[in-house]
There are 2 protein chains.
Amino acid sequence: MDLAIVNAWILTLAKNRLGIIKNGTIGIEGDRIGFIGSTDDIDTKKIDVIIDGKNHLVMPGLVNSHIHTSLTLLRGGAQDLPEIEWMNKGIGPLAKHLDSKDLILGSKLGVLEAIKTGTTTFSEYTRDVARLVEQVYLPIGARVVATETINEVAQVNKAALKPSDLYEFDNKKGQQALTKNDQLFEKYKNKPLVSCMYGPQALDMVSLDTLKTIKENAISRNSKIHMHVAQGKRERLQITGRFGKDASTVKVLDNHELLDNYLVAVHCHDTEEQERELMVSKNVKMVGCPSSISIIDGIIPPIYHYFSLGGKVGIGTDQAPGPGNHNLFREMRTISLLTKTQFRDPTAFPSWQMLFLITIFGAEILGLEKEIGTLEIGKRADVISFDMNNLLLTPMVSNPFHNFIPNLVHSATGTEVDNVIIDGKLIIHQRKFTSINEQKIIDEANKRAEKIFADASDDWKAAGSQMVKDVEKGLI
Amino acid sequence: MDLAIVNAWILTLAKNRLGIIKNGTIGIEGDRIGFIGSTDDIDTKKIDVIIDGKNHLVMPGLVNSHIHTSLTLLRGGAQDLPEIEWMNKGIGPLAKHLDSKDLILGSKLGVLEAIKTGTTTFSEYTRDVARLVEQVYLPIGARVVATETINEVAQVNKAALKPSDLYEFDNKKGQQALTKNDQLFEKYKNKPLVSCMYGPQALDMVSLDTLKTIKENAISRNSKIHMHVAQGKRERLQITGRFGKDASTVKVLDNHELLDNYLVAVHCHDTEEQERELMVSKNVKMVGCPSSISIIDGIIPPIYHYFSLGGKVGIGTDQAPGPGNHNLFREMRTISLLTKTQFRDPTAFPSWQMLFLITIFGAEILGLEKEIGTLEIGKRADVISFDMNNLLLTPMVSNPFHNFIPNLVHSATGTEVDNVIIDGKLIIHQRKFTSINEQKIIDEANKRAEKIFADASDDWKAAGSQMVKDVEKGLI
């Protein structure tokens, strides 16, 4: 055995149970899990590297099912704003001043913070995703499901458009993005850390013809379509304008045979209950982003409803400037509390359900359930350990129940993660990255962000969001 | 100057502004703040102990306006339960097995975890509060506002009561508790770390006569009445039973001249909008406990409404078994997100407002606004520093606005607090308690909790809550 964590509490999360093993060992051979069981049942002399798991919980690496990491340099740049101002007056004037290197640096920062809080698999969604794969994910050694954004809306002066004006499409633009997306599959077919999905941005931003081609390609490559679905008013205006006043995104997708197992539908807050029932019945996968959508829109994503219907649903952190960061422990608690208050039901979304959402459910949504998401012999070794030896998680008891299960959701901060193994490699050991200079990234990010925000200052002030007024009052 | 933090970003929070000082120094002389200003304006040779504040934020110590620390050994013991089961089937069967030492140990754990995440003032509410003051707060060196619980309900077999049966009162019991409460003022009059309030538990648990005596005593001592108000159905049944079908807690308090500046009303989720307007107009102070009430009841406390009316409102963490822990950074983010979704308004409760709730507002509620809550020369030195040099809070920019203000609320976990000064004493230095063995408390808590939970196992199983069923399914 190359590496093992011994004497730990293990949560396998296999077979829809917690699968708790007391005084357990997880052993890793190469990039796979080679042993799981009691520490008494393994000869520790035959392990090359041993990590002591005393007072630790070991669980599958977490799966972030929807993330755009490249805006992370703008963290804290657009919060507490009216939804209508968020993009145009908040994040937009700042983002204009990011160059392509800033997107890479921001992505590094986002990926590192997510790994530090236990994430091992990233469902990354962006233009030119191959750049992030090459320059961020592969060098860091994180598992990535790469989605290339396919946006077919013609380059026009958006400011001149009224919300009800229909977008024009530029089929050539769509085709170019699709070609890029197609090429990913060939490029990464031999990289175990990388898999790929198709990324039509949303039904209002892609023509039906292009969507149909995407579907054919997804079928032929046995891949999936990762798409923002029913994101709100602006999308709805486009859809009713194009498809008639009774149209909705879900109905249109259904009418064109796009509502099925191939679809990973993100957000979905502008869907009706019946539409979600239809989506579940058609085996559509859903991803919700609790912190992002609640902060930017004041809306609770329908994660619990989808889950309650028996649908497969995962969690993403979206981007940093809205929700603040990419910490899935925080997302568990956020959707739990939001849901409890939404339905005035303290039993909604108990802690054990949360743990499945950010592990095996995420893996299933990304088509990786045979490789990751649970701790089972033969699966790829994506494993995290969690230090329970701290005030906020004390005491830790196991009889008559394991109080550390609710505590993982309701008390943990995510900073307790202290060992992270991805594909068998020890990426974080005792809270330190083994081969990445974290401080260097922090320093670079601070230096570069200072310049970006300063350069953007005039544009940002001219946009005149609520935040600008708060600055004048000395409040931010 | 005895002690100073230099080269830091300082938030004074004085005069209803953030009061940001760049490259600032806070100097402490004895138990008071002796200097605040630019580091350039102080002769550092005249400072005995210097703490480097580079990449740090310095702010007033946080104020927890309502806390019961003594149940902390039961953390994770009762979550995701129906409200009706929480007390009787969840926490009750476990709490029965706590002895008086366990309450002290639990309190130590709770106070230490709160200090570790930046709390310096605790509005503690419990029976025999002097024991906690003597054995926990004073030895640790934390600031405490001690409230003795006054509960006058006669000892009867509660299981035999129907919810609509009116409680009998035992006036002697009430008097004894009141006497204990009175004695606190004399006992602690010379302790700068301790102040006291009166603690009638709730209107359904105390007679009007006793309440009137309490009010007279509060007036004569220039103290306040710290009381749970309008906590829900059970209370309402008692109030309508005693005072008539149209009665409510707020109306009864108003009719008996108990609704005024002397009242600190906790929870208040079973109040009408108009009642809250009345409370604000009468200068009643309010405290809400976001995580506790959302987890236990599925209810969002009316903190934002009270604040929007111009009312003075603070934040508490209540107890640990419901919300998980005593971390005020988490509470800021929790009430911010809950409020945004409640009103579908992403601008509700912007970050800068949150910072006031857990500092100067808390101080005003507890009658300590002249002593603590802001950083001003002459105030008592309750000061925390916060390490911004980490991935989750990077980047940190200050132009055209201070992105670290929203990041404090939306990205921080509370574990970034690394220096805590209370009444001029350095309690935590570089994340370590200066004179308390934290590991010893953790180990004792684990050992003792293991026994408590095991001893309680049969009772807990017999109570048959939803959690018991989940254990049988291997889910907790």
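In what follows, every heavy atom counts, from backbone to side chain, and hydrogens, waters and symmetry copies are set aside. Chain letters run A, B, ... following the sequence lines, proteins first and then strands; every chain starts at 1.
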What option among A:Ile452, A:Leu338, A:Ile442 has the most heavy-atom pairs under 4.5 Å with chain B? A:Ile442
A:Leu94, A:Asn325, A:Thr415: which one forms the most heavy-atom pairs within less than 4.5 Å of chain B? A:Asn325
Residue part contacting chain A, namely of B:Ile296, when any heavy atom lies under 4.5 Å: backbone
Under 4.5 Å from a heavy atom of chain A, the part of B:Gln353 involved: neither
Based on non-hydrogen pairs under 4.5 Å, which of B:Thr413, B:Val468, B:Asn407 is most in contact with chain A? B:Asn407
Applying a strict 4.5 Å limit to non-hydrogen atoms, the region of A:Leu391 in contact with chain B is both
B:Met467, B:His402, B:Glu83: which one forms the most heavy-atom pairs within less than 4.5 Å of chain A? B:His402
Exam field: side chain A:Glu450 to backbone A:Phe453, donor-acceptor pair closer than 3.5 Å: no
Check each atom of B:Leu408 against the heavy atoms of chain A and say whether the ones under 4.5 Å are side chain, backbone, both or neither. neither
Can you find a heavy atom in the side chain of A:His56 that is under 4.5 Å from one in the side chain of A:Trp9? no
Who among B:Leu337, B:Asp458, B:Thr72, B:Ile441 has the most heavy-atom pairs with chain A under 4.5 Å? B:Leu337
Do any N or O atoms from the side chain of B:Ser292 and from the backbone of B:Cys289 form a donor-acceptor pair under 3.5 angstrom? no
Check this for me: B:Lys469, atom NZ, are more than 12 non-hydrogen atoms of other residues, nucleotides or ligands nearer than 6.0 Å? yes
Pick whichever of B:Gln439, B:Lys447, B:Lys116, B:Arg330 has the most heavy-atom pairs under 4.5 Å with chain A. B:Arg330
Side chains of A:Leu11 and A:Leu355: does their closest heavy-atom pair fall under 4.5 Å? yes
Heavy-atom contact with chain A under 4.5 Å, split by part of B:Ser398: neither
More than 12 foreign heavy atoms under 6.0 Å from NZ of A:Lys22: is that the case here? no
Answer yes or no: does atom CG of A:Asp459 have more than 12 heavy-atom neighbours from other residues, nucleotides or ligands under 6.0 Å? yes
Are any non-hydrogen side-chain atoms of A:Pro350 and A:Met354 less than 4.5 angstrom apart? no
Taking side chain as C-beta onward, heavy atoms only, is A:Phe386 less than 4.5 Å from A:Leu393? yes
I need the minimum non-hydrogen distance between B:Ile476 and A:Pro406, along with the two atoms involved. CD1-CD, 3.7 Å
Under 4.5 Å from any heavy atom of chain B - which part of A:Thr334: side chain
Interchain contact, B:Asn399 with chain A, by part (heavy-atom threshold 4.5 Å): both
Does the side chain to side chain contact (heavy atoms under 4.5 Å, CB included) test come out yes or no for A:His326 and A:Val111, once each step is laid out? CA-CA 8 Å; A:His326 300 296; A:Val111 171; over 6 Å; no
Using non-hydrogen atoms only, which part of B:Gln466 is less than 4.5 Å away from chain A: side chain, backbone, both, or neither? neither
So does A:Ala320 get a backbone contact from the side chain of A:Arg75, meaning a donor-acceptor N/O pair under 3.5 Å? no
Among A:Glu438, A:Glu444, A:Glu85, A:Arg17, residue most engaged with chain B (heavy-atom pairs, under 4.5 Å): A:Arg17
When B:Gly76, B:Gly19, B:Gly324, B:Ser294 are compared by non-hydrogen pairs under 4.5 Å with chain A, the top option: B:Gly76
Report yes or no: does A:Glu113 contribute a side-chain atom to a donor-acceptor pair with the main-chain N or O of B:Leu392 at less than 3.5 Å? no
Heavy-atom proximity to chain B below 4.5 Å, by part of A:Glu416: neither
For B:Phe349, is it the side chain, the backbone, both, or neither that has a heavy atom closer than 4.5 Å to a heavy atom of chain A? backbone
Compare every heavy atom of B:Leu73 with every heavy atom of B:Ala445, then report the nearest pair and how far apart it is. CB-CD2, 3.6 Å
Charged N to carboxylate O under 4.0 angstrom, B:Asp297 versus A:Lys340? no
Under 4.5 Å from any heavy atom of chain B, what part of A:Asp345 do you find: side chain, backbone, both or neither? backbone
Segment of A:Leu81 engaging chain B (4.5 angstrom heavy-atom cut-off): backbone
Side chain / backbone / both / neither for A:Asn16 at chain B, heavy atoms under 4.5 Å: backbone
Please determine, among B:Gly77, B:Ala454, B:Ser336, B:Pro400, the option with the most heavy-atom pairs under 4.5 Å with chain A. B:Pro400
At a heavy-atom separation under 4.5 Å, does A:Ser291 approach chain B through its side chain, its backbone, both, or neither? both
A side-chain contact here means heavy atoms from C-beta on lying under 4.5 Å apart; do B:Pro346 and A:Trp86 qualify? no
I'd like to know which of A:Ile405, A:Asn390, A:Leu18 tops the heavy-atom pair count under 4.5 Å against chain B. A:Leu18
When only pairs under 4.5 Å are counted, which of A:Gly106, A:Ala348, A:Ala456, A:Ala449 shares the most heavy-atom pairs with chain B? A:Ala449
Please look at B:Asn389 and chain A and tell me whether the side chain, the backbone, both or neither of the residue comes under 4.5 angstrom of a heavy atom of that chain. both
Looking at A:Arg333, A:Lys461, A:Arg344, which one has more heavy-atom pairs under 4.5 Å with chain B than the rest? A:Arg333
